[in-house]
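Heavy atoms only: backbone and side chains are in, while hydrogens, waters and symmetry mates are out. Chain letters run A, B, ... following the sequence lines, proteins first, then strands; residues in each count from 1.
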2 protein chains.
Amino acid sequence: MKASQFFISTLKEAPADAEIASHKLMMRAGLIRKLGAGLYNYMPMGLRVIRKVEAIIRDELNKAGCVELVMPVVQPAELWQETGRFEKMGDELLRFKDRHDRDFVIQPTAEEVITDIARQELRSYRALPKNFYQIQTKFRDERRPRFGIMRGREFTMKDAYSFDRDVEAAGKSYDAMYAAYTRIFERLGLQFRAVAADTGAIGGDRSHEFQVIADTGEDAIVYCPTSDYAANIELAEAVSLLAERAAAAEACEKVATPGKSTCADVAALLGLPLSRTVKSLVLATDETNEAGEIVKSTVWLLLVRGDHDLNEVKAGKLQLADGSGLKAGFRFATEKEIVAHFGCKPGYLGPIGLKQPVKVIADRTVANMADWVCGANEEGFHIRGVNWGRDLPEPDLVADIRNVVEGDPSPDGQGVLAIQRGIEVGHVFYLGTKYSKAMDATFLDVDGKPKHFEMGCYGIGVTRILGAAIEQRHDERGILWPDAIAPFTVVICPVGYDRSDDVKQAADRLYADLVADGVDVILDDRGERPGAMFADWELIGVPHRVVLGDKGLKEGLAEYQGRGDAAATKVPVAELLATLRARLAQA
Amino acid sequence: MKASQFFISTLKEAPADAEIASHKLMMRAGLIRKLGAGLYNYMPMGLRVIRKVEAIIRDELNKAGCVELVMPVVQPAELWQETGRFEKMGDELLRFKDRHDRDFVIQPTAEEVITDIARQELRSYRALPKNFYQIQTKFRDERRPRFGIMRGREFTMKDAYSFDRDVEAAGKSYDAMYAAYTRIFERLGLQFRAVAADTGAIGGDRSHEFQVIADTGEDAIVYCPTSDYAANIELAEAVSLLAERAAAAEACEKVATPGKSTCADVAALLGLPLSRTVKSLVLATDETNEAGEIVKSTVWLLLVRGDHDLNEVKAGKLQLADGSGLKAGFRFATEKEIVAHFGCKPGYLGPIGLKQPVKVIADRTVANMADWVCGANEEGFHIRGVNWGRDLPEPDLVADIRNVVEGDPSPDGQGVLAIQRGIEVGHVFYLGTKYSKAMDATFLDVDGKPKHFEMGCYGIGVTRILGAAIEQRHDERGILWPDAIAPFTVVICPVGYDRSDDVKQAADRLYADLVADGVDVILDDRGERPGAMFADWELIGVPHRVVLGDKGLKEGLAEYQGRGDAAATKVPVAELLATLRARLAQA
């Protein structure tokens with residue numbers, strides 16, 4: 001490709017609404033242009049990257065035996081009503097009516113449509129296993145779209161859906177996709193980690209996120225450097241930091257802590273480590289009648305150590321022996337509810353001396369603490385020297401309800417945990433019969449009886465990968481694309497292409513040689529000044545650059561610089577092609 | 001590809017709603033599956049064809065210097081309001097509101113968005129010419145979607161938009177696209193014709209449709225077998241069939257024609273050729289005030305020869321010397337209007353003896369007729385022997401207002417016209433400054449002054465091409481794909497693949513050889529009975545089939561059959577690969 005035949009549009013400054021590096025760089029390098037909130041044109045430079053990502057995904061999925069199809073962007077509401085998602089999903093599901101006043105959605109995913117295809121097309125166990133995928137436009141009407149195409153409204157996603165005879169076969173499909181995803185992200189040239197993720201209502205242990213490692217990632221991913229353990233912090237198990245509860249050593253005593261409403265302030269005032277304090281979190285659950293009106297609310301007290309944070313995903317799974325709990329959904333209690341149950345505003349709350357009975361759920365570590373500090377349920381006062389059994393009853397439930405922190409023991413007992421930030425770009429998920437039962441999608445099994453499909457779903461955020469790759473790989477000058485997905489692999493920058501026959505000949509020859517090698521090369525024949533030309537290509541992030549100028553050519557030399565290299569290397573023109581081949585082979 | 005790794009789903013019967021061959025065959029061959037009215041899943045077999053069509057289009061457009069990008073399916077209404085299309089377009093434009101109650105459309109085309117890109121990105125004449133294209137999902141909310149994906153609501157279209165400095169440069173862009181389209185349709189392997197088409201309000205002669213020839217086509221395309229002339233019948237010029245007007249030979253006479261309300265019936269009754277009769281067509285135009293209320297209606301009488309048909313596109317361009325005419329839009333007159341002006345109901349109308357004055361517009365041929373027959377404006381009566389000037393004034397306007405018919409002289413004087421049916425699959429169109437002026441999209445020209453872009457737009461109905469190809473190429477057994485876009489180029493049908501080592505070995509060897517050749521081959525390892533297997537592949541339309549069976553192999557023979565061949569040919573196994581290579585090279 002010659003630059004004059006292509007479209008290059010770089011910007012000196014990123015627009016004001018670009019908050020993160022990838023959004024700024026995608027705008028500046030001309031990969032995308034904003035059309036509206038969360039809506040982006042994929043410009044020629046960006047589209048080249050997207051197509052390369054798609055090609056790698058497609059190749060690996062085909063090799064894994066998946067079959068590609070395409071389902072419409074616009075989907076009839078009827079199927080979404082069968083699973084209840086038409087009503088249950090929030091405003092992210094874009095609903096509209098057509099000219100005949102019939103309801104439709106723009107697909108955010110396609111479980112309903114693919115299950116409808118399966119129930120019509122996969123009639124017999126002989127047709128199984130089958131894994132269909134599409135690379136298709138998706139839409140989620142995000143309330144606050146941001147971060148460019150990382151959290152846009154319209155985006156491209158690869159979604160695959162597996163159909164199997166039974167749980168065991170579904171497990172094999174799951175494992176095959178896990179393996180294919182691993183190959184895909186390896187080929188993309190990105191540092192990534194597959195981490196166990198929450199399975200929500202489906203249960204089981206078959207849910208993994210593929211996270212691209214980046215300091216700016218939204219997700220905290222927990223791993224054990226000395227074992228295979230890796231999980232999203234939402235799921236990562238926090239063991240008790242205290243093997244057993246020590247005997248009480250202090251007397252229980254109310255102490256004045258005026259104005260000290262945080263654990264840190266109280267610990268400092270009392271000269272105690274933060275790990276001797278306990279944080280009280282008040283949640284509430286609601287029961288509704290058939291009309292959806294709240295008929296009863298229940299308040300719950302959750303206790304985590306002062307230096308720990310509540311894990312809301314774990315809290316949302318809590319269930320007591322009597323069947324009550326937070327599994328059906330919870331919210332934080334209102335100040336009115338708190339005052340009614342504790343007689344005090346937040347900041348001085350604790351499990352002792354409640355005005356109304358409240359179930360107490362203690363984190364595993366809290367349950368093993370002795371001589372701890374909590375609020376006195378009286379403004380300006382805390383209680384120290386608190387001990388379970390002596391000063392208050394044992395908790396109603398002991399459970400893992402906190403986020404792990406760096407240095408926690410790994411739940412597999414093989415070391416201690418570390419935490420990285422990551423950007424979720426893929427997800428493999430075992431669905432079981434959730435959709436096949438809701439839509440009565442069955443096949444005739446070997447015994448001649450209808451059976452619901454065991455399903456899995458597998459997503460990759462195609463356009464999101466661009467953002468994640470840039471978050472992971474950029475410097476102050478621009479993007480550092482891996483070879484596999486760079487918009488161009490090599491750029492030839494001739495200095496004086498339009499003035500010097502030597503330069504033009506050398507550039508054209510190298511260009512022709514690389515094209516013959518099948519290398520994705522661009523020759524910058526725009527006639528830009530060298531500084532502007534180099535800055536453009538560093539911003540765009542092409543991994544390999546060759547500079548050809550009159551001065552060097554007189555000595556038979558060209559300059560090569562890898563995008564990550566600190567400086568350029570002089571290379572004899574005669575060895576240029578061999579040098580490039582060697583560098584390209586390394587990638 | 002092995003069939004067992006793919007997804008093949010053929011049907012014995014087409015669904016009841018499939019009216020035309022291509023819709024029936026696409027359903028039966030498992031290329032598409034219906035999701036809703038005008039919404040189709042592109043199944044794996046169909047998607048392979050789509051991808052091949054897309055690849056050819058992309059290759060030729062890239063060679064022609066076009067640059068690919070992708071614009072969002074969902075587009076903000078603001079841009080569509082700038083050009084007025086948000087209000088002006090009918091219900092085919094799907095409009096909806098997002099969660100914040102802002103207006104959006106799903107793109108049916110992308111003139112607004114690309115013009116918005118151009119006005120931001122193409123600042124200088126140095127950036128021109130530029131031609132951007134996308135292959136993207138489109139949506140048109142057809143009132144009555146039908147014919148499968150030929151007139152679906154969601155479909156895939158390639159749309160390109162050229163931006164030029166001036167009319168001359170725009171003409172070059174237009175010609176380059178015309179040439180690229182010609183190469184594309186040649187490579188697709190379809191019989192097609194590029195025909196001049198109506199330019200509507202834009203004017204000029206730069207509008208061509210690319211029509212795939214098929215007896216079932218919706219469009220009538222007119223061409224001259226002995227010259228280059230080709231045009232859509234909407235546009236094709238009808239010359240006068242009478243060089244000059246003969247002198248009057250008959251007396252003007254009212255004749256009783258009870259119950260004979262058609263020209264054909266009257267001609268038969270009077271023993272005259274149909275070409276002596278004149279048909280009266282009454283149209284009306286309305287003038288409205290600012291509130292859109294009709295303040296005045298005008299009735300017009302159009303005369304075409306009895307054996308000719310009115311061309312409404314031509315009628316819609318009529319303008320008289322005084323500036324009045326039908327250019328602003330017309331309708332057929334109501335019976336009430338007709339009776340008020342002619343004193344008679346339709347069936348016996350004519351230009352003589354009107355109750356209220358009506359402007360008379362005669363077709364070129366009618367204007368040169370002598371001794372003709374028309375209605376007497378009295379039920380049951382006609383007038384014969386009518387002559388211009390003697391029996392009624394000369395017409396207010398003589399114009400080309402009829403459709404050409406087979407055998408008419410070609411307007412280029414190079415022969416006579418023939419008519420074929422065609423399916424429009426592509427359109428190249430000069431837009432001028434229609435959009436650039438509406439959106440004030442300018443670049444700085446060489447003189448430093450802002451100038452509006454000269455634009456062109458160029459569409460290809462990607463998914464429609466599948467339907468058109470099938471309409472052109474099918475027989476009673478199924479589809480006959482051209483090699484270039486067949487879902488697979490060669491199918492190997494082994495009889496007894498799972499029972500006979502000889503068959504398995506021969507099939508596997510041929511498969512490996514063809515894969516090594518880069519041939520898109522499928523090996524049918526499903527274990528179907530021969531009859532069902534052959535029927536499937538004839539239905540699907542794979543162009544080249546090899547059958548390998550134990551019986552033939554014992555004699556060292558295989559069977560080859562091209563999809564269009566009347567019978568199979570026995571080929572020595574040793575020569576099989578060479579035979580296939582020769583056949584593939586011919587395609």
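Neither the backbone nor the side chain of A:Arg48 comes within contact range of chain B; no heavy atom of the residue lies under 4.5 Å from a heavy atom of that chain. Contact of B:Lys2 with chain A is not made at all, since no heavy-atom distance falls under 4.5 Å. Contact annotation for B:Phe139: only side-chain heavy atoms (C-beta onward) come within less than 4.5 Å of a heavy atom of chain A. For B:Ile50, no part lies under 4.5 angstrom from a heavy atom of chain A. With a 4.5 Å cut-off on non-hydrogen atoms, B:Arg126 does not touch chain A at all. Proximity to chain A is absent for every atom of B:Gln134, based on heavy atoms less than 4.5 angstrom apart.
Across all their heavy atoms, A:Arg143 and B:His100 have their closest contact at O-NE2, 3.0 Å. Smallest separation of non-hydrogen atoms from B:Lys130 and A:Phe7: CE-CD1, 4.1 Å.
For A:Lys63, the NZ atom is densely surrounded, since the number of other residues' heavy atoms within 6.0 Å is greater than 12. Counting non-hydrogen atoms of neighbouring residues, nucleotides and ligands closer than 6.0 angstrom, the CD atom of B:Glu87 exceeds 12 such neighbours. By the 6.0 Å contact criterion, NZ on B:Lys97 is enclosed, its count of non-hydrogen atoms from other residues, nucleotides or ligands being greater than 12.
For the set B:Met1, B:Arg102, B:Gln120, B:Arg153, the entry with the most heavy-atom pairs within less than 4.5 Å of chain A is B:Arg153. When each of A:Ala127, A:Pro72, A:Gly65 is checked for heavy-atom pairs under 4.5 Å with chain B, A:Pro72 comes out on top. The greatest number of non-hydrogen atom pairs below 4.5 Å with chain B, out of A:Asp116, A:Leu79, A:Ile117, is found for A:Ile117. Of the listed residues A:Gln5, A:Glu121, A:Met43, the one with more heavy-atom pairs under 4.5 angstrom with chain B than any other is A:Glu121. The choice from B:Leu69, B:Ile106, B:Val113 that makes the most heavy-atom pairs within less than 4.5 Å of chain A is B:Leu69. Ranked by heavy-atom pairs under 4.5 Å with chain B, the first of A:Gly36, A:Pro76, A:Ala37 is A:Pro76.
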### From CA spacing to verdict: side-chain contact (heavy atoms from CB on, under 4.5 Å), A:Leu39, B:Phe104
CA-CA 11 Å; A:Leu39 300 174; B:Phe104 288 84; 3.7 Å; yes
### Message
Assess the residue pair B:Leu35 and A:Met71 against the criterion (side-chain contact (heavy atoms from CB on, under 4.5 Å)); give the C-alpha distance rounded to whole Å, side-chain angles, the decisive distance to 0.1 Å, and a yes or no.
### Response
CA-CA 8 Å; B:Leu35 175 61; A:Met71 294 171 271; 5.8 Å; no
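Rounded to the nearest 0.5 Å, atoms CZ (B:Phe6) and CG (A:Asn62) are 9.5 Å apart.
A donor-acceptor pair is defined here as one N or O able to donate and one able to accept, closer than 3.5 Å; such a pair exists between the side chain of B:Asp141 and the backbone of A:Arg99. Judged by distance alone, with hydrogens and angles left aside, the side-chain atoms of B:Glu154 form a donor-acceptor pair with the main-chain N or O of A:Val74 at under 3.5 Å.
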